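A quick write-up on the structure given underneath.
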Amino acid sequence: MKHSCIHWFRKGLRVHDNPALKYALHDCKHMYPVFILDPWFPKNAQVGINRWRFLIEALKDLDSSLRKLNSRLFVIRGVPREVFPRLFEEWKVTRLTFEVDSEPYSQKRDKEVMDLAKQHGVEIITKISHTLYNLERVIEENNGKAPLTYVRFQTVLNKIGPPKRPVPAPTREDMKGVSTPSSETDKENYGVPTLDELGQDSTTLGPVLYPGGEQEALRRLDEYMQRTNWVCSFEKPQTSPNALKPSTTVLSPYVKFGCLSARTFWWRLAEVYHGKKHSAPPVSLHGQLLWREFFYTAAYGIPNFNKMEGNTICVQVDWDSNPEHLAAWREARTGFPFIDAIMTQLRQEGWIHHLARHAVACFLTRGDLWISWEEGQKVFEELLLDADWALNAGNWQWLSASAFFHQYFRVYSPIAFGKKTDKNGDYIKKYLPILKKFPAQYIYEPWKAPKSIQEQAGCIVGKDYPRPIVDHDTISKKNIQRMKAAYAKRSPDLSDGSLIPPLGTSLRCNFLRVPLV
DNA sequence: TTCTCAGTTGGGAGA
DNA sequence: ATCTCCCAACTGAGA
């Protein structure tokens, strides 16, 4: 039997290493590549304009790649549970293929669609290609629990072996006998949207620094993989958070959307490493892909992973609610130039270095402002091109010392940390031009500059640039003590992992150990 | 059970 | 410049 098949793109916006797409072409007569866009989403979801632009570019690129294969992309407006029954009928669909997506939201959505497909007699084929490994298998190999340390995670992966090799992109040969019926009205109805259509105000946009799409992803991968020595000696902690040009690959947005396959990336690195001395996980480029996998596994295995309450691995902390401080952080007016420069780069460009993320995350949470990591998570979710559910939640827990990382007495200084890699403050001057005439001596602490120097610099602290909203030295010491208290409240029953409360149980039930009055 | 050890990337003083 | 030690002391994992 020759199938009429829908391949549903969600993440995995690529033709290379796309096993579900490849499978769709087997015994296939009519092939419909589909991306579904809920018009409700752009106005309500936490997606900033930079990421919308990236997505649109990725969809255009995907459409163009599919057209080279005599096919095209259908961007369908609607919600999956309403869209699919209509498409199943209209296109007489017999098979649906898509890539496995491990996020809770996606799992629920996909379950609904799979039920609908069954009702319509549509065969469902799913393939794992967003992650290096089958996450369930990793958890199984670790006795049913997600590994909570990187070393443990590596041990488990060593048992499983290297990830699968990527599958090649479909060719014209694979497309023999396969067609994509498409009418003139389809062209109008199912085109790639514009920012206008998504209700985004494109006048606020900066230049395109990281164009979306698979072609650009592969070009960028090639560019970096040619730098053999750089790749082999790459150590993440040695890269600079405040370089004027990114000190790392900035492939993360491409991996997030699946414009670049993690397995393709992993095996290309293996080729570069082959026969040479090279760095190793956790600091190597391989190590970076494993960090992604680590958090994907944890996010899959731990309920309520993006929340504090009901999250069994997350320390329960009495975070403050402070809308003024939160707004100052979000809007780059904390009065700490290093922090404000990073938050400015984040908003303008959609990407900041991993260590820059450390600095601002520590500042917002346990370091200075004592505001919940969930608030920071929301802001990153909106502004980062590479915002990824599992990585965002995992790293915020890490930096706030809520899970994975527990040495809460190690606090990033908003003054000292940036100086290590940018003594003159060039990065600050780039993103906060108001400070550009400050001498290097005061660039990280402009409030300490004498009045005369402030006048000379044409920037009066408290008037042209904010005074620091907290005193770091005193507040960070106080916060370490608050953190100590939060850790002390943890129930021993839970911290040893032997008694995991049932799903949805808040750790607040610990307080039941205290006699109820 | 109890202990030891290591943990992606802190800051600061002093050699 | 680069290293070591101290700060105060956490956790998960394994012996």
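Below, chains carry the letters A, B, ... as their sequence lines are ordered, and counting in each starts from 1. Values reported hereafter were calculated over all heavy atoms of this structure, with side chains retained and with hydrogens, waters and symmetry mates removed. Remember, it's a predicted structure, so these values are computed and weren't measured experimentally.
A:Glu103 pairs in a side chain to side chain donor-acceptor pair (under 3.5 Å) with only one of the listed residues (A:Lys11, A:Arg109, A:Arg10), which is A:Lys11. A ring pair (Phe, Tyr, Trp, His ring centres under 6.0 Å) with A:Phe336 is found for one member of A:Tyr444, A:Trp329, A:Trp447, A:Tyr412 and no other, namely A:Trp447. Under the ring pair (Phe, Tyr, Trp, His ring centres under 6.0 Å) rule, A:Phe294 has a single partner from A:Tyr300, A:Phe153, A:Trp398, which is A:Phe153.
Remark: P of C:dT11 and CD1 of A:Ile313 are 14 Å apart, rounded to the nearest angstrom. Summarising the geometry, the separation between NZ on A:Lys419 and P on B:dG10 is reported as 18 Å, rounded to the nearest angstrom. For the pair A:His353 NE2 and B:dT8 P, the computed distance is 17 Å after rounding to whole Å. If you measure from atom CZ of A:Phe294 to atom P of B:dT9, you get 13 Å, rounded to the nearest angstrom.
Nucleotides C:dA9 and B:dG7 have their P atoms positioned 22 Å apart, rounded to a whole Å. As rounded to the nearest Å, C:dC10 and B:dG12 have P atoms that lie 23 Å from one another. When the P atom is used for both B:dC5 and C:dC5, the distance is 16 Å, rounded to whole Å. B:dA6 and C:dT4 have their P atoms separated by 15 Å, with the value rounded to a whole Å. Going from the C1' atom of C:dA15 to that of B:dT1 covers 12 Å, rounded to whole Å. To the nearest whole angstrom, the two P atoms, one in C:dG14 and one in B:dT8, are 13 Å apart. Between C:dA13 and B:dT9, the distance separating the two C1' atoms is 22 Å to the nearest Å. Comparing the same atom, P, in B:dC3 and in C:dC7 gives a spacing of 23 Å after rounding to whole Å.
Looking at A:Lys378 and A:Glu381, no side-chain N of the basic residue comes within less than 4.0 Å of a carboxylate O on the acidic one, giving no salt bridge. By the 4.0 Å N-to-carboxylate-O rule, A:Asp386 lies close enough to A:Arg357 to be salt-bridged with it. Electrostatic pairing of A:Arg137 and A:Glu141 counts as a salt bridge here, judged by a charged N lying under 4.0 Å from a carboxylate O.
Judged purely by distance below 3.5 Å, without hydrogens or angles, the side chains of A:Ser129 and A:Asp17 never pair a donor atom with an acceptor atom. There is no side-chain donor-acceptor pair under 3.5 Å between A:Glu140 and A:Asn134.
For the pair A:Thr239/A:Lys236, a side-chain contact is recorded, criterion being any heavy-atom separation below 4.5 Å from C-beta on.
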If you restrict it to nitrogen or oxygen atoms, what contacts under 3.5 Å exist between nucleotides 13-15 of chain C and the protein, and what is each distance?
residue: C:dG14; atom: OP1; partner: A:Arg152; partner atom: NH1; Å: 2.5

Between the protein and nucleotides 2-10 of chain C, which nitrogen or oxygen pairs come in under 3.5 angstrom?
residue: C:dA9; atom: OP1; partner: A:Lys484; partner atom: NZ; Å: 2.5

Below 3.5 Å is the cut-off: list the nitrogen or oxygen pairs between protein and nucleotides 11-14 of chain B, distance only.
residue: B:dG11; atom: OP1; partner: A:Ser413; partner atom: N; Å: 2.9
residue: B:dG11; atom: OP2; partner: A:Lys420; partner atom: NZ; Å: 3.1

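Of the residues in residues 384-403 of chain A, those lying under 4.0 Å from DNA chain B by heavy-atom distance are A:Trp398.
Taking the six-membered ring for Trp, A:Phe404 and A:Phe295 have ring centres closer than 6.0 Å. For A:His278 and A:Phe234, the distance between ring centers is not under 6.0 angstrom.
Once rounded to the nearest 0.5 Å, the distance linking CG of A:Leu385 with CZ of A:Phe257 reads 7.5 Å. The CZ atom of A:Phe363 lies 10.0 Å from the OG atom of A:Ser413; values are rounded to the nearest 0.5 Å.
Both tests do not hold together for A:Arg220 against A:Tyr224: distance to the six-membered ring centre under 6.0 Å, angle to the ring axis within 45°. In this structure, A:Arg51 fails the cation-pi test against A:Phe54, since its NZ or CZ atom is not both closer than 6.0 Å to the six-membered ring centre and inside 45 degrees of the ring normal.
For DNA chain C, runs of at least 3 consecutive pairs of the Watson-Crick or G-U wobble type, with both hydrogen-bonding distances under 3.5 angstrom, map to B:2-7 with C:10-15, B:10-15 with C:2-7.
Minimum interatomic distance between A:Arg347 and A:Arg330 (heavy atoms only, all atoms of both residues): NH2-O, 3.2 Å.
Annotation: side chain to side chain donor-acceptor pair (under 3.5 Å) contacts involving residues 149-166 of chain A, sequence neighbours excluded, comprise A:Asn142-A:Arg152.
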